[in-house]
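Have a look at the structure below, then the notes.
Note that ligands are numbered from 1 as they come in the structure, with each ligand's atoms numbered from 1 the same way. Since the structure is predicted, the reported quantities are computational estimates derived from the model, not experimental observations. For the single chain, residues carry numbers from 1 onward in sequence order.
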Amino acid sequence: MNQEEFFKKITSHAKEYGFVFPSSDIYDGLSAVYDYGQNGVELKNNIRQYWWKAMVQMHENIVGVDAAIFMHPTVWKASGHVDAFNDPMIDNKDSKKRYRADVLVEDYIAKIEEKINKEVEKAKKRFGDAFDKEQFVSTNARVLDYKKEIEEVGHRLYAAMEANDLAGIKQLIEDLGIVCPISGSRNWTDVRQFNLMFATQMGSVAEGANEIYLRPETAQGIFVNYLNIQKTGRMKVPFGIAQTGKAFRNEIVARQFIFRMREFEQMEMQFFVRPGTELEWFKRWKEERLNWHLSLGIPAEKYRYHDHEKLAHYANAATDIEFEFPFGFKELEGIHSRTDFDLGSHSKYSGKKLQYFDPETNESYIPYVIETSIGLDRMFLAMLSHAYTEEKLEDGSERVVMKFPAALAPYKVAILPLVKKDGLPEKAREIMNELMPDFMCQYEEKDSIGKRYRRQDAIGTPLCVTIDNQTLEDNTVTVRDRDTMEQIRVNANELYNIIRKKVNGK
Ligand code: GAP
């Protein structure tokens with residue numbers, strides 16, 4: 001199965017099993033907006049909670065905030081979003097389709113990379129075990145030509161983007177002969193800047209209405225509360241403020257399912273530090289955040305850092321934690337050293353002194369900030385793509401099993417009476433009632449036990465508990481493990497500890 005087919009399977013599985021639905025599905029959906037179904041909402045809540053626990057509960061110097069989505073319009077002037085939160089867009093005059101101009105060029109580069117991969121695959125077949133990939137890609141003439149082209153195109157694109165040279169980007173598209181994927185024509189408009197913020201009106205009368213924005217990141221809700229929280233919480237630098245919540249971006253290219261959405265959720269933390277110590281803290285947070293990902297038991301090779309060479313004007317270090325999605329390594333989380341840009345700018349625009357008096361140095365200063373920012377929906381997609389597994393079983397049958405980390409699984413345990421009679425359902429419910437206050441449980445009595453196991457595998461339930469006639473005699477039940485499919489017989493009184501051990505995310 002190639003990666004494209006694999007990705008299609010994940011998206012259809014997500015819909016079939018109540019994880020993710022297109023928004024307003026009965027009206028054929030809304031582009032790049034999605035709803036989370038009965039299993040999706042549990043998985044999403046568990047990811048959020050796992051993050052919150054690690055960031056807030058486990059750090060005595062990090063506290064939370066829940067700021068409003070609507071903010072004073074000047075916030076976005078101060079943050080730079082009104083003037084600079086833009087993507088370059090281009091329209092094809094024949095298909096009337098709109099594209100992100102830089103993405104058209106990046107897709108062109110991706111096609112060359114695809115050609116390199118094909119050359120590698122061909123050579124692998126030709127040379128068999130003796131094949132040395134490193135040597136091949138550094139010596140093969142055709143591959144070297146491709147690599148040179150990628151470098152040249154990339155260089156032209158990034159130089160034009162950096163210099164905000166929209167005519168230069170258009171020229172590049174023309175020089176590369178890029179055609180519209182729909183119309184096949186090269187009939188392009190000029191490249192224009194497109195601001196990604198959604199604007200709306202606040203106030204009921206048209207004349208008095210103010211234009212305000214739906215927040216494009218949660219971070220600014222933290223910056224504007226910096227002083228409130230520092231003072232009322234008597235916080236001492238270094239300290240952090242964490243927030244989870246919705247953000248909105250009018251993405252020009254919205255594709256790859258929930259990877260790039262117009263309404264999405266972020267989990268962000270701003271860590272306020274003494275100026276001069278920020279790069280040390282940046283390094284610590286870079287490691288700590290990767291460790292958070294690894295703590296879920298996902299193999300380390302699925303992650304990599306991508307350090308930014310070109311930095312935003314306010315940053316002095318930035319890195320992405322990339323995850324290997326079915327469509328390649330892509331950004332999952334960003335860690336940024338934002339200097340004193342945001343607090344400094346809000347001080348200027350608001351006229352309020354957003355400073356900290358450091359009792360250890362007897363100085364007042366604007367703290368520097370390290371930000372960790374992860375998309376909850378992207379993390380959800382990472383978990384879906386990691387978990388989705390097709391297995392052929394010993395008896396020749398097949399199963400699809402979602403191998404979610406147990407701490408994140410939507411349901412922790414399924415309670416299954418072997419048959420719907422002989423007092424087994426009653427006993428099963430008695431056992432479930434004991435477990436329900438602590439764990440998400442699902443009760444199922446319909447269909448054969450084999451079919452019920454398959455349904456639980458498909459939603460990733462780590463443990464199934466089966467109640468049979470022997471349970472009525474000696475209070476023992478069968479516990480089946482999702483991944484190994486091994487079954488053990490235990491006393492029902494032991495269930496709490498067994499489940500707790502399995503699903504705790506410490
Ligand atoms: N406050 C910094 C900030 O917003 P960002 O790199 O623009 O930085 C942070 O976004 C994270 O938010 C990304 O790493 C990604 O996981 C998520 N994200 C950004 N845009 C998204 C979108 N359109 N759909 C889903 N997730 C998105």
Basic-acidic side-chain contact under 4.0 Å: [X], [Y]:
{"X": "E265", "Y": "K44", "result": "yes"}
{"X": "R249", "Y": "E217", "result": "no"}
{"X": "K97", "Y": "D91", "result": "no"}
{"X": "E322", "Y": "K330", "result": "no"}

Is there a heavy atom of E322 sitting under 4.0 angstrom from any atom of ligand 1?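 Judged by the 4.0 Å heavy-atom criterion, E322 does not count as contacting ligand 1.
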Using heavy atoms and a 4.0 Å limit, tell me yes or no: is L332 in contact with ligand 1?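 It does; at least one heavy atom falls under 4.0 Å.
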Of all the non-hydrogen atoms in the protein, which one sits nearest to [atom], and at what distance?
{"atom": "atom 25 (C) of ligand 1", "answer": "F259 O, 3.2 Å"}
{"atom": "atom 12 (O) of ligand 1", "answer": "Q266 NE2, 3.3 Å"}
{"atom": "atom 15 (C) of ligand 1", "answer": "R378 NH1, 3.5 Å"}
{"atom": "atom 14 (O) of ligand 1", "answer": "E331 OE2, 2.6 Å"}
{"atom": "atom 24 (N) of ligand 1", "answer": "M261 N, 2.8 Å"}
{"atom": "atom 17 (C) of ligand 1", "answer": "G375 CA, 3.6 Å"}
{"atom": "atom 9 (C) of ligand 1", "answer": "S373 OG, 3.0 Å"}

Can you tell me how far the CG atom of L104 sits from the CG atom of N92, to the nearest 0.5 Å?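 Interatomic distance, L104 CG to N92 CG, rounded to 0.5 Å: 9.5 Å.
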Nearest 0.5 angstrom please: Q270 CD to I62 CD1, how far?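 The distance works out to 11.0 Å.
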Answer with side chain, backbone, both or neither: which part of [X] has a heavy atom less than 4.0 angstrom from an atom of ligand 1?
{"X": "E268", "answer": "side chain"}
{"X": "R215", "answer": "neither"}
{"X": "E371", "answer": "side chain"}
{"X": "R249", "answer": "side chain"}

Under the ring pair (Phe, Tyr, Trp, His ring centres under 6.0 Å) test against F7, which residue among F327, F325, Y388 passes?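 Testing F7 for a ring pair (Phe, Tyr, Trp, His ring centres under 6.0 Å) against F327, F325, Y388 leaves exactly one candidate, F327.
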Looking at R262 and S31, would you say the former's side chain and the latter's main chain have a donor-acceptor pair under 3.5 Å?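 The answer is yes, because a donor-acceptor pair under 3.5 Å joins these two groups.
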Using a 4.0 Å cutoff against the non-hydrogen atoms of E333, which atoms of ligand 1 qualify?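 What qualifies from ligand 1 is 14 (O).
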Could you list the atoms of ligand 1 found under 4.0 angstrom from a heavy atom of R338?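 Near R338, the atoms of ligand 1 are 1 (N), 2 (C).
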Do any N/O atoms on [X] end up under 3.5 angstrom from N/O atoms on ligand 1?
{"X": "F264", "result": "no"}
{"X": "A219", "result": "no"}
{"X": "E217", "result": "yes"}

Can you confirm whether or not the ring centre of F272 sits under 6.0 Å from the ring centre of Y226?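 Between F272 and Y226, the centre distance is under 6.0 Å.
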Could you work out, for atom 23 (N) of ligand 1, the closest of E263, E265, E251 by heavy-atom distance?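 Selected option, by shortest heavy-atom distance: E251.
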If you count every heavy atom of other residues, nucleotides or ligands that lies below 6.0 Å from R284 atom CZ, does the total exceed 12?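 Check fails, neighbour count at 12 or below.
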Considering only heavy atoms from C-beta outward, does the side chain of V65 approach that of I229 to under 4.5 Å?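 Result yes, sub-4.5 Å side-chain heavy-atom pair found.
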Kindly indicate, with the supporting measurements, whether the criterion ring pair (Phe, Tyr, Trp, His ring centres under 6.0 Å) is fulfilled by Y36 and F380. CA-CA 11 Å; Y36 288 86; F380 187 104; 4.8 Å; yes
